[in-house]
Every structure is written in structure tokens, then in C-alpha cells.
Undergrad: 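The structure is given below, and queries will be raised subsequently.
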Amino acid sequence: MQLYTALQPIKTVNSLAIRGYEVLLRALDPTHNRWISPFTLFNTSHVTDALVLAHHAQQLSRHCYGDIPLFINIEPVTLTHQDALPSALVDIAKQCSERIVVEITERWVKSQDLALWRHKAHTLRDHGLDIALDDWTCTDAGFELVTAIKPHYVKLTLTDIQQHFFHDGRVHSGISSVHGLLSRLQEAHTQIIIEGIETDAQYAWLQHFHIPFAQGYWLGRPVIQPLPMIPQGGA
């Protein structure tokens with residue numbers, strides 16, 4: 001099995017300019033010369049967060065991607081099972097100072113751990129790392145977590161936000177609620193990224209509600225070697 005780092009663009013909705021890249025792990029089965037599905041890959045026992053971070057650290061040591069932020073997924077348990085940050089994550093922070101966004105999946109962060117997560121958030125920021133809450137829920141509990149760890153970004157799917165605000169057909173109430181959500185996040189100095197954009201109609205929805213950033217196959221698929229790719233230390 002051969003491992004590769006793939007990057008999927010996160011784009012500004014109005015201009016379609018690249019806001020950042022989500023860093024993803026992909027694997028090639030050399031025997032059959034085909035890509036292994038991410039589900040299969042991450043259900044393989046030896047594919048751990050430590051291995052993924054070490055691989056990304058190695059790849060990012062070879063290339064730098066200008067000033068574009070790089071979003072890296074990390075399981076919360078990887079950050080909480082020891083006081084210090086994983087060494088590979090510290091290496092990444094050193095290589096790409098102030099351009100790494102650590103994505104933490106909200107559903108694994110328990111409400112009783114808020115004090116711990118405040119501490120971890122301070123540690124991440126002390127290393128020059130930003131924070132994004134992935135699979136975020138726009139509920140009171142979700143906002144409690146935003147208040148506690150002050151992420152730079154929250155990420156949720158278009159399906160989630162539509163089901164939350166428009167599930168009962170109350171369109172006007174839903175529209176008001178979406179605007180209220182954006183206003184509340186703005187007050188918290190947190191940006192929103194909507195994932196799962198796959199059609200023209202979904203992109204038009206983003207424009208209508210003035211969503212700042214988005215991600216999905218319609219905006220760009222993961223690629224193994226995105227351009228422009230600038231050699232580290234070069235221009």
C-alpha cells in the first residue's frame with residue numbers, strides 16, 4: 001500500500017478564490033493499481049492518527065504551498081491522551097507556522113471535557129495553530145463549544161444546515177435563522193465553511209445566504225499534487 005497526501009480546495013464563495021486546502025490521506029493498492037476507499041483505509045488497524053500525521057509532516061517538509069492555510073483532521077483522542085502535542089504535529093507547526101488549521105470532529109468532544117478543551121485550544125494556539133470544529137452542530141451545545149475553545153472556523157454540511165432550519169417547511173423562519181446563525185458566529189469571530197457542495201443549485205444557495213467559504217466536489221475534488229506547488233524556501 002502506497003500512501004499519498006491529497007489536497008481538496010476550500011474556496012471563497014463569491015470569487016471562487018482558494019481559501020485553503022484540506023489535507024487528506026489517500027492510498028494506492030499497487031497490486032491492482034487502484035485507489036483504496038477512505039472508509040476501508042481508515043478502518044485498517046495500522047492506519048492511526050500518528051501514522052497520518054507523520055506522513056503529512058514528511059510531505060509538508062518537502063513542499064510548501066505559499067501562504068494558503070492547510071486544514072488537517074485530528075481525532076480528539078490524539079490530542080487528549082497526553083499533555084504534550086503529538087511530535088509530528090509540532091513538526092508540522094514548525095514547518096508551516098501560522099498556516100495550519102487543526103480540524104477536530106465535534107461529536108467526539110464531550111461537554112464535560114470543556115475545561116480540558118480550553119487548555120488544549122490554548123496549547124494549539126501557542127504553537128501557532130488555528131482550530132476548526134468539523135461536523136459542527138448549530139445548536140446551543142455547539143455554540144457552547146465555540147465559546148469554550150474559540151475556533152477560527154466551524155464546518156458543517158449543507159444538508160445539515162438545511163435540515164436544521166428548513167425541515168418543517170417554515171421557510172421564512174429558516175431564512176431568518178440562517179442569517180442569525182451567521183451573525184452569531186461573526187460575533188464569536190468564527191468563520192463558517194459549508195461542505196458537500198455538488199451542484200449548481202447548492203452553490204446558488206450559498207450565494208443567496210452570503211456564506212463566505214465552502215468545499216465540495218463542485219468546487220474542486222481532492223488532488224494528489226495541487227498547483228501551484230512552491231518548493232520550500234523558494235518563491
Side-chain angles (χ1 to χ4, degrees), residues 4-26 38 49 52-53 55-76 79 85 88-106 121 124-125 127-136 146 149-158 160-161 182 185-186 188-198 202-203 206-207 209-232 234-235:
Y4 295 86
T5 294
L7 306 189
Q8 183 175 18
I10 297 166
K11 293 188 176 181
T12 301
V13 170
N14 285 340
S15 66
L16 294 181
I18 292 175
R19 172 68 176 190
Y21 286 113
E22 181 171 357
V23 182
L24 304 166
L25 187 72
R26 293 293 182 262
D49 249 17
V52 173
L53 285 173
H55 176 79
H56 290 334
Q58 182 185 52
Q59 295 302 306
L60 295 175
S61 70
R62 297 173 180 173
H63 297 95
C64 200
Y65 297 87
D67 294 326
I68 298 175
L70 301 174
F71 290 65
I72 297 179
N73 285 278
I74 298 179
E75 290 295 333
L79 297 174
L85 295 182
L89 182 57
V90 174
D91 290 342
I92 292 172
K94 290 177 180 177
Q95 295 162 19
C96 306
S97 179
E98 298 181 357
R99 294 193 301 103
I100 298 298
V101 182
V102 175
E103 287 195 24
I104 305 168
T105 305
E106 184 202 84
L124 290 168
R125 282 190 285 268
H127 283 82
L129 300 166
D130 290 344
I131 302 167
L133 279 176
D134 197 15
D135 291 340
W136 183 68
V146 166
I149 71 174
K150 299 177 173 58
H152 292 76
Y153 303 92
V154 292
K155 300 180 74 177
L156 67 163
T157 68
L158 180 62
D160 286 342
I161 195 171
L182 296 176
L185 286 172
Q186 187 175 19
H189 304 289
T190 298
Q191 300 277 10
I192 189 171
I193 300 171
I194 301 295
E195 300 180 290
I197 306 307
E198 298 183 354
Q202 291 173 336
Y203 176 65
L206 300 176
Q207 291 179 305
F209 283 103
H210 306 289
I211 303 296
F213 308 114
Q215 181 179 358
Y217 281 5
W218 191 91
L219 296 163
R221 291 174 176 268
V223 289
I224 298 301
Q225 290 186 332
L227 295 175
M229 187 165 63
I230 305 169
Q232 191 169 11

Undergrad: Got a second to check how far Phe71's CZ is from Arg99's CZ, nearest 0.5 Å?
TA: 12.0 Å
Undergrad: Are any side-chain N or O atoms of Glu22 and backbone N or O atoms of Pro9, one a donor and one an acceptor, separated by less than 3.5 Å?
TA: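 Flag not set: sc Glu22 to bb Pro9 has no pair under 3.5 Å.
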Undergrad: Kindly list each side-chain donor-acceptor pair under 3.5 angstrom involving residues 189-198, sequence neighbours excluded, with atom names and distances?
TA:
residue	atom	partner	partner atom	Å
Thr190	OG1	Pro151	O	2.8
Thr190	OG1	Ala188	O	3.4
Glu195	OE2	Lys155	NZ	3.2

Undergrad: Taking side-chain hydrogen bond (donor to acceptor under 3.5 Å, both in side chains) as the definition, give me every residue that meets it alongside Thr12, ordered by chain and number, with sequence neighbours left out.
TA: none
Undergrad: Is the shortest heavy-atom distance from the side chain of Asp135 to the side chain of Leu156 under 4.5 Å?
TA: no
Undergrad: Indicate yes or no: at least one non-hydrogen side-chain atom of Tyr153 is less than 4.5 angstrom from one of Ile131.
TA: no
Undergrad: Not counting sequence neighbours, which residues clear side-chain hydrogen bond (donor to acceptor under 3.5 Å, both in side chains) with Asn14? List them please.
TA: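 In terms of side-chain hydrogen bond (donor to acceptor under 3.5 Å, both in side chains), with neighbours along the sequence ignored, Asn14 is linked to no residue.
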Undergrad: Take Tyr21 and Ile68, measure what side-chain contact (heavy atoms from CB on, under 4.5 Å) needs, and give me the verdict at the end.
TA: CA-CA 7 Å; Tyr21 286 113; Ile68 298 175; 3.9 Å; yes
Undergrad: Got a sec, which residues hit ring-ring contact (aromatic ring centres under 6.0 Å, His included) with Tyr203, two or more places apart in sequence or on another chain?
TA: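 Applying ring-ring contact (aromatic ring centres under 6.0 Å, His included) to Tyr203 gives Trp218.
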Undergrad: Quick one: list whatever passes side-chain hydrogen bond (donor to acceptor under 3.5 Å, both in side chains) with His210, sequence neighbours left out.
TA: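 side-chain hydrogen bond (donor to acceptor under 3.5 Å, both in side chains) check on His210 returns nothing, list empty.
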Undergrad: Per the salt bridge (Lys or Arg N to Asp or Glu O under 4.0 Å) rule, what does the pair list look like for residues 209-223, sequence neighbours excluded?
TA: none
Undergrad: Is it true that atom CD of Gln207 has more than 12 heavy atoms of other residues, nucleotides or ligands lying nearer than 6.0 Å?
TA: yes
Undergrad: For a 4.5 angstrom cut-off between non-hydrogen side-chain atoms, does Thr5 reach Leu24?
TA: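 No, their side chains stay 4.5 Å or more apart.
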Undergrad: Short question: side chain of Lys11, backbone of Leu219 - any donor-acceptor pair under 3.5 Å?
TA: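 Yes: the side chain of Lys11 pairs with the backbone of Leu219.
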Undergrad: How long is the span from the OG1 atom in Thr105 to the CG atom in Leu133, to the nearest 0.5 Å?
TA: 9.0 Å
Undergrad: Is there side-chain contact between His127 and Leu85, with at least one heavy-atom pair below 4.5 Å?
TA: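 His127 vs Leu85: side chains touch.
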Undergrad: Would you say the side chain of Val102 lies within less than 4.5 Å of the side chain of Leu89, judging by non-hydrogen atoms?
TA: yes
Undergrad: Of all residues at least two apart in sequence or in a different chain, which pass the side-chain hydrogen bond (donor to acceptor under 3.5 Å, both in side chains) check with Asp134?
TA: none
Undergrad: Kindly indicate whether the side chain of Val101, heavy atoms from C-beta on, has any atom under 4.5 Å from the side chain of Ile72.
TA: no
Undergrad: Is any side-chain heavy atom of Trp136 closer than 4.5 Å to one of Ile161?
TA: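 Answer no - side chains too far apart.
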